Amino acid sequence: MRVEDRAGIRETRPDHSLIWTFWHNRIFAVPMIYRKYLRERQGAVLTSPSRDGAVIAATMRCFGVASVRGSSSKRGAAALLEMEKWIADGYDLAVTPDGPRGPRYRLAPGLVRVAQRTGAAVFPIRIEYESAWVFGKAWDHFRLPKPFSRVRVIFEPYQWVDAEAEGDRFEQERARLETILNPDHETD
């Protein structure tokens, strides 16, 4: 695993909450990234209220990470309030902004709304696998790195969202964050 730390988080730990964000199909590497580089950061991961979300929640518990269960279609309002509480209490959140159903590599507006309502910085994490199996029948084309494959992790600089943005400005904020997570070569 190679890390390019454009955020500077490995040298200077922030004293504020972060909203970690990464694409749904790259989630496999996140527990390892957390354990190896950011273990002292405490927080919760947003998971869907589905069976798949339960598996992710159980896996994250093994790493000492709590979960907030909800999505835009189920338990959305309750999940938003729970995420706001985590941030208010000084914890981090982890969100896959294209989950739980896609479209792949499309940042849903919920991430922007959470950042606006909490004032927390978005922490974009890009994950690239040198070689991976791609599960093409899944909506996200889930990627599982092959054994001994190199994994490149890019901690992008923290991004603050304009708390007052609505309409076109809101869409600009959403698109800006999507662009940071979406280099051209990863939109397959």
Side-chain angles (χ1 to χ4, degrees), residues 1-14 18-48 50-69 71-72 92-108 110-111 121-159 174-188:
M1 193 174 289
R2 294 186 180 159
V3 173
E4 187 176 328
D5 187 6
R6 298 174 183 173
I9 194 169
R10 293 177 67 195
E11 291 179 22
T12 306
R13 300 297 198 204
L18 299 171
I19 303 172
W20 302 24
T21 189
F22 42 88
W23 294 129
H24 194 272
N25 66 5
R26 310 304 165 104
I27 200 167
F28 183 82
V30 174
M32 292 173 279
I33 294 166
Y34 171 72
R35 180 170 269 168
K36 188 168 183 176
Y37 300 106
L38 303 166
R39 171 177 246 154
E40 78 287 345
R41 304 290 300 182
Q42 297 296 310
V45 61
L46 177 64
T47 64
S48 76
S50 68
R51 281 181 287 166
D52 289 349
V55 170
I56 292 170
T59 302
M60 295 313 294
R61 267 194 309 277
C62 294
F63 289 88
V65 177
S67 63
V68 174
R69 304 293 303 277
S71 69
S72 59
D92 290 352
L93 292 172
V95 176
T96 56
D98 61 342
R101 285 187 238 124
R104 178 177 65 251
Y105 304 134
R106 175 82 172 157
L107 192 134
L111 173 71
V122 176
F123 177 36
I125 302 172
R126 290 194 300 117
I127 302 162
E128 299 171 0
Y129 302 130
E130 179 183 70
S131 181
W133 290 291
V134 178
F135 296 85
K137 290 186 180 181
W139 71 266
D140 65 349
H141 289 192
F142 187 82
R143 285 164 163 64
L144 182 65
K146 292 181 179 177
F148 310 106
S149 174
R150 293 174 201 234
V151 178
R152 181 176 178 219
V153 179
I154 301 118
F155 294 150
E156 294 289 358
Y158 311 132
Q159 303 294 313
R174 190 207 63 73
R176 178 177 67 84
L177 294 173
E178 183 177 285
T179 299
I180 292 167
L181 283 171
N182 237 1
D184 292 335
H185 67 280
E186 286 190 23
T187 58
D188 54 358

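All residue numbers refer to positions in the sequence shown, counting from 1. Note: hydrogens, waters and symmetry copies are ignored here, and every other heavy atom, side chains too, is used. Here the structure is a predicted model, which means the values were calculated and not measured.
Listed here is the closest heavy atom pair of Ile127 and Ala29: CG2-CB, 4.0 Å. Across all non-hydrogen atoms, the minimal contact from Pro147 to Trp133 is CD-CH2, 3.4 Å. A pairwise comparison of heavy atoms in Leu181 and Thr21 identifies CD2-O, 3.7 Å as the closest pair. Scanning both residues, Arg69 and Ser67, for their nearest heavy atoms gives CD-OG, 3.9 Å. The two atoms that bring Arg104 and Asn25 nearest to each other are CD-ND2, 3.9 Å, heavy atoms only. Here the closest heavy-atom approach between residue Trp23 and residue Leu107 is recorded as CH2-N, 3.8 Å.
Ion pairing between Glu130 and Arg152 fails under the 4.0 Å rule for side-chain N and carboxylate O. Ion pairing between a basic and an acidic side chain is recognised when a charged N comes within 4.0 Å of a carboxylate O; Glu4 and Arg6 show such pairing. A salt bridge links Glu128 with Arg126: the closest approach of a Lys/Arg side-chain nitrogen to an acidic carboxylate oxygen falls below 4.0 angstrom.
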side-chain contact (heavy atoms from CB on, under 4.5 Å) assessment of Arg150 paired with Tyr129: CA-CA 6 Å; Arg150 293 174 201 234; Tyr129 302 130; over 6 Å; no

Step-by-step side-chain contact (heavy atoms from CB on, under 4.5 Å) determination, Asp140 to Tyr105: CA-CA 8 Å; Asp140 65 349; Tyr105 304 134; over 6 Å; no

Chi angles and distances behind the side-chain contact (heavy atoms from CB on, under 4.5 Å) call for Glu156, Ile125: CA-CA 6 Å; Glu156 294 289 358; Ile125 302 172; over 6 Å; no

Worked check of side-chain contact (heavy atoms from CB on, under 4.5 Å) between Phe155 and Val3: CA-CA 7 Å; Phe155 294 150; Val3 173; 3.6 Å; yes

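Expressed to the nearest 0.5 Å, how far OG of Ser149 lies from CE of Met1 amounts to 10.0 Å. Here Leu46 contributes atom CG and Leu93 contributes atom CG; the two are 8.0 Å apart, rounded to the nearest 0.5 Å. Taking CZ of Arg10 as the reference point, atom CG of Leu38 lies at 8.5 Å (rounded to 0.5 Å). Taking CG of Leu111 as the reference point, atom CD of Gln159 lies at 11.0 Å (rounded to 0.5 Å). The OG1 atom of Thr47 lies 9.0 Å from the CD1 atom of Ile27; values are rounded to the nearest 0.5 Å. Here the CZ atom belonging to Arg51 is positioned 13.5 Å from the CD1 atom belonging to Ile56, to the nearest 0.5 angstrom.
Every residue two or more places apart in sequence or in another chain that forms a side chain to side chain donor-acceptor pair (under 3.5 Å) with Glu40 is listed here: Arg13. Qualifying side chain to side chain donor-acceptor pair (under 3.5 Å) partners for Asp92, counting only residues two or more places apart in sequence or in other chains: Trp20, Arg41.
A donor-acceptor contact closer than 3.5 angstrom is absent between the side chains of Asp98 and His24.
By the 4.5 Å heavy-atom criterion applied to side chains, Phe135 and Leu144 are counted as neighbours. Within the 4.5 Å cutoff, the side chain of Tyr158 has heavy atoms near those of the Ile9 side chain.
Checked by atom type and distance alone, the side chain of His141 pairs as donor or acceptor with a backbone atom of Gly136 at under 3.5 Å.
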